[in-house]
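So that the names make sense, note that chain A is the first sequence line, chain B the second, and so on, each numbered from 1.
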Number of protein chains: 2
Amino acid sequence: MPDPRYRQIADDLRRKIESGQLPPRAQLPTEGELMEQYDVSRNTIRDAMRLLVTRRLIDTQPGRGTFVIERYKPFVTTISEDPETGFGGGEGDSFVREVSQLGREARTTDPQVEVQKASGRVAHELRLDKGAQVVSRHQKRFVDEAPYSMQTSFYPMDFVTGGATDLILAANITGGTVSYLKETLGMEQAGYQDRVRVRTPTDDELTFFGLPETGVSIIETYRTAYDLSGRPFRVTVSVYPADRNHLINNVGKVPGDVKAPQWITEEI
Amino acid sequence: MPDPRYRQIADDLRRKIESGQLPPRAQLPTEGELMEQYDVSRNTIRDAMRLLVTRRLIDTQPGRGTFVIERYKPFVTTISEDPETGFGGGEGDSFVREVSQLGREARTTDPQVEVQKASGRVAHELRLDKGAQVVSRHQKRFVDEAPYSMQTSFYPMDFVTGGATDLILAANITGGTVSYLKETLGMEQAGYQDRVRVRTPTDDELTFFGLPETGVSIIETYRTAYDLSGRPFRVTVSVYPADRNHLINNVGKVPGDVKAPQWITEEI
DNA sequence: GCAAATTTGTTCGTATGTATT
DNA sequence: CAATACATACGAACAAATTTG
């Protein structure tokens with residue numbers, strides 16, 4: 001029993017795309033033309049197309065046509081701490097600094113600061129009561145004007161009343177919040193834990209990142225930072241569309257030249 | 001202008017699923033029943049269903065019906081090194097040991113050993129010529145008899161001829177390959193780098209993990225281990241279906257009680 | 001700026017095939 | 001074998017987005 005017709009057609013088109021016969025950005029024949037070429041009904045052509053859309057090979061645009069997808073150049077975020085800077089990967093302004101070194105234009109929005117009630121997960125990580133007041137600092141990140149990630153950090157509201165008043169200012173904290181908390185509260189970061197999972201995008205993420213309805217996952221990391229006494233003092237949630245982001249983790253001693261590339265150049 | 005009909009229906013069903021009115025494993029009304037309920041044609045019902053299938057909310061089975069998907073209990077792999085054991089997360093028999101402590105049944109297949117020509121990526125990571133001979137050690141992992149991950153390690157063939165002959169035996173190396181290479185070749189692991197990306201599954205992965213045609217991504221990590229002189233001596237490729245695996249990364253000092261849980265219990 | 005043509009999106013109806021009960 | 005339920009495929013009509021003249 002052969003594959004159904006729409007699969008055969010999808011496979012045929014897939015081969016043409018992967019062989020380069022239909023390069024990225026190329027327009028596919030219209031549905032009408034494909035109906036003739038394969039001598040099937042329009043619905044069957046559309047079934048084949050839908051398969052390729054969910055596989056992230058093509059993109060259909062009403063009124064325009066169907067095009068081979070152009071892959072993003074992946075941006076690489078290092079999630080391990082750089083022993084020299086003491087920064088956890090991709091945090092704060094280290095993001096912009098690292099990228100601009102490579103001739104790319106990176107941009108981080110000013111933090112959007114809010115005082116919120118802690119959600120279940122955030123409260124749990126910070127060992128607060130659910131609904132306790134927390135400061136939320138949210139930033140969006142762009143590379144070459146394309147949205148690449150979003151990040152939200154949560155701190156107990158006590159920190160602000162206790163002296164770290166800059167936390168509720170909608171501006172970057174020069175030197176980073178880690179050293180700011182050390183200066184103002186004497187709170188020192190002993191380590192952190194990242195929990196990484198992959199999930200489907202929310203509607204907000206779909207629109208902000210300009211993702212297709214289906215096919216692109218979101219990499220989500222929950223980072224909980226602990227002070228010297230083992231008490232959690234910050235939770236940072238980062239979301240990365242999987243079609244344009246890779247993660248790197250360095251453990252122990254890794255040669256400097258491979259330690260922190262921002263771009264994976266080779267296609268694997 | 002309102003959403004198209006099939007979206008409204010999909011949203012309605014999604015709400016019923018997420019609210020628990022249609023719990024996991026519950027059977028949805030048949031297409032015929034839904035046609036009546038919503039007073040639309042069968043194709044419109046099927047469009048709505050298809051949306052929910054790609055969102056990994058339901059599973060359609062020919063001849064049986066349509067069911068709410070049951071989520072896997074995620075297994076958590078720690079990718080940072082545990083300072084006490086010196087093990088990189090989830091490597092070797094540490095996998096089985098860690099899991100069995102939690103009353104779960106974990107199993108790793110005996111390694112499937114082959115001598116191969118290095119692929120482009122592996123050759124590049126090991127700084128070998130493309131096509132150089134490498135030993136490949138491949139293992140599959142199960143938790144409660146369900147497939148959870150696959151792992152393949154590559155070593156230069158020189159290691160075997162140089163004395164580490166157990167590398168080509170299709171058996172677990174007790175104590176782990178790290179300490180075995182230290183004993184036989186005096187090669188000490190100084191550190192490693194993980195590169196994590198998320199991609200669509202290959203056909204092999206689709207069948208082995210029993211994944212649906214669409215919707216589940218694969219988390220792939222390339223781990224390159226370096227010796228004290230900064231020379232790469234091993235590449236390990238791990239693949240994890242994203243619907244049943246999370247990753248954890250510990251940096252610096254993290255409280256022991258949160259350091260290495262194998263299961264995330266709370267639903268977020 | 002508008003109208004026509006082009007292209008994909010939505011929805012209906014119908015028929016037949018295949019898997020499961 | 002019959003009934004049930006989802007899968008594939010055809011044809012048709014109109015809508016919505018975009019480009020073109």
Side-chain angles (χ1 to χ4, degrees), chain A residues 1-14 17 22 25-69 203 206-207 210-215, chain B residues 1-14 17 22 25-70 206-207 210-215:
Chain A
M1 51 249 69
D3 266 2
R5 202 76 186 87
Y6 77 96
R7 272 179 195 280
Q8 295 177 25
I9 295 170
D11 282 344
D12 191 47
L13 291 171
R14 186 169 50 75
I17 291 170
L22 285 168
R25 306 177 53 129
Q27 178 167 8
L28 270 69
T30 66
E31 293 178 350
E33 288 165 344
L34 290 170
M35 284 170 68
E36 283 212 350
Q37 278 185 38
Y38 292 103
D39 192 31
V40 294
S41 75
R42 184 169 167 226
N43 281 331
T44 301
I45 292 294
R46 287 180 59 74
D47 280 344
M49 298 292 223
R50 182 157 35 216
L51 215 59
L52 298 178
V53 168
T54 64
R55 300 264 157 92
R56 296 285 304 136
L57 288 170
I58 63 174
D59 180 32
T60 59
Q61 301 173 22
R64 298 205 53 221
T66 302
F67 302 86
V68 179
I69 279 192
D203 286 341
L206 232 48
T207 57
L211 301 176
E213 282 292 321
T214 180
Chain B
M1 51 244 68
D3 266 1
R5 200 80 186 83
Y6 76 96
R7 272 178 195 282
Q8 296 176 25
I9 295 170
D11 282 345
D12 192 47
L13 291 170
R14 186 169 50 75
I17 291 170
L22 285 168
R25 305 178 53 127
Q27 179 168 8
L28 270 68
T30 65
E31 293 178 350
E33 290 166 341
L34 290 171
M35 284 171 68
E36 283 213 350
Q37 277 184 38
Y38 292 103
D39 191 30
V40 293
S41 76
R42 183 162 169 235
N43 281 331
T44 301
I45 292 295
R46 286 181 59 73
D47 280 344
M49 298 293 224
R50 182 156 35 214
L51 214 59
L52 299 177
V53 169
T54 64
R55 299 261 159 91
R56 295 285 304 138
L57 288 171
I58 64 174
D59 181 33
T60 60
Q61 300 174 22
R64 297 204 54 220
T66 302
F67 303 86
V68 180
I69 279 192
E70 188 172 24
L206 232 48
T207 56
L211 300 177
E213 282 290 322
T214 180

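Whole-Å rounding puts the A:Gln27 CD to C:dT7 P distance at 8 Å. For B:Glu36 and D:dT4, the CD to P distance is 14 Å, given to the nearest whole Å. Spacing between atom CG of A:Leu34 and atom P of C:dT7 amounts to 11 Å, rounded to whole angstrom units.
Considering all non-hydrogen atoms of both residues, A:Tyr6 and A:Leu51 come closest at CE1-CD2, 4.3 Å.
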Which atoms of nucleotides 10-14 of chain D (N or O only) lie under 3.5 Å from a protein N or O atom, and what are those distances?
from, atom 1, to, atom 2, distance (Å)
D:dC10, OP2, A:Ser41, N, 3.1
D:dC10, OP2, A:Ser41, OG, 3.1
D:dC10, OP2, A:Thr44, OG1, 2.3
D:dC10, N4, A:Asn43, ND2, 3.1
D:dG11, O6, A:Asn43, ND2, 2.7

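The salt bridge (Lys or Arg N to Asp or Glu O under 4.0 Å) test applied to A:Glu213 returns B:Arg7, B:Arg55, not counting sequence neighbours. Applying the salt bridge (Lys or Arg N to Asp or Glu O under 4.0 Å) rule to A:Asp59 yields no partners; only residues at least two apart in sequence or on another chain are considered. Annotation: side chain to side chain donor-acceptor pair (under 3.5 Å) contacts of A:Thr30 (sequence neighbours excluded): none. A:Glu36 is linked by a side chain to side chain contact (heavy atoms under 4.5 Å, CB included) to nothing, counting only residues two or more places apart in sequence or in another chain.
Between B:Arg14 and the options B:Leu22, B:Leu52, B:Ile58, a side chain to side chain contact (heavy atoms under 4.5 Å, CB included) holds for only B:Leu52. Each of B:Met35, B:Arg5, B:Met49 was scored for a side chain to side chain contact (heavy atoms under 4.5 Å, CB included) with B:Thr44, with one residue passing: B:Arg5.
Looking at residues 46-67 of chain A, you'll see A:Arg46, A:Thr60, A:Gln61, A:Pro62, A:Gly63, A:Arg64, A:Gly65, A:Thr66 sit with a heavy atom under 4.0 Å from some atom of DNA chain C.
Side-chain atoms of A:Leu28 and A:Val68, non-hydrogen and from C-beta on, do get closer than 4.5 Å to each other.
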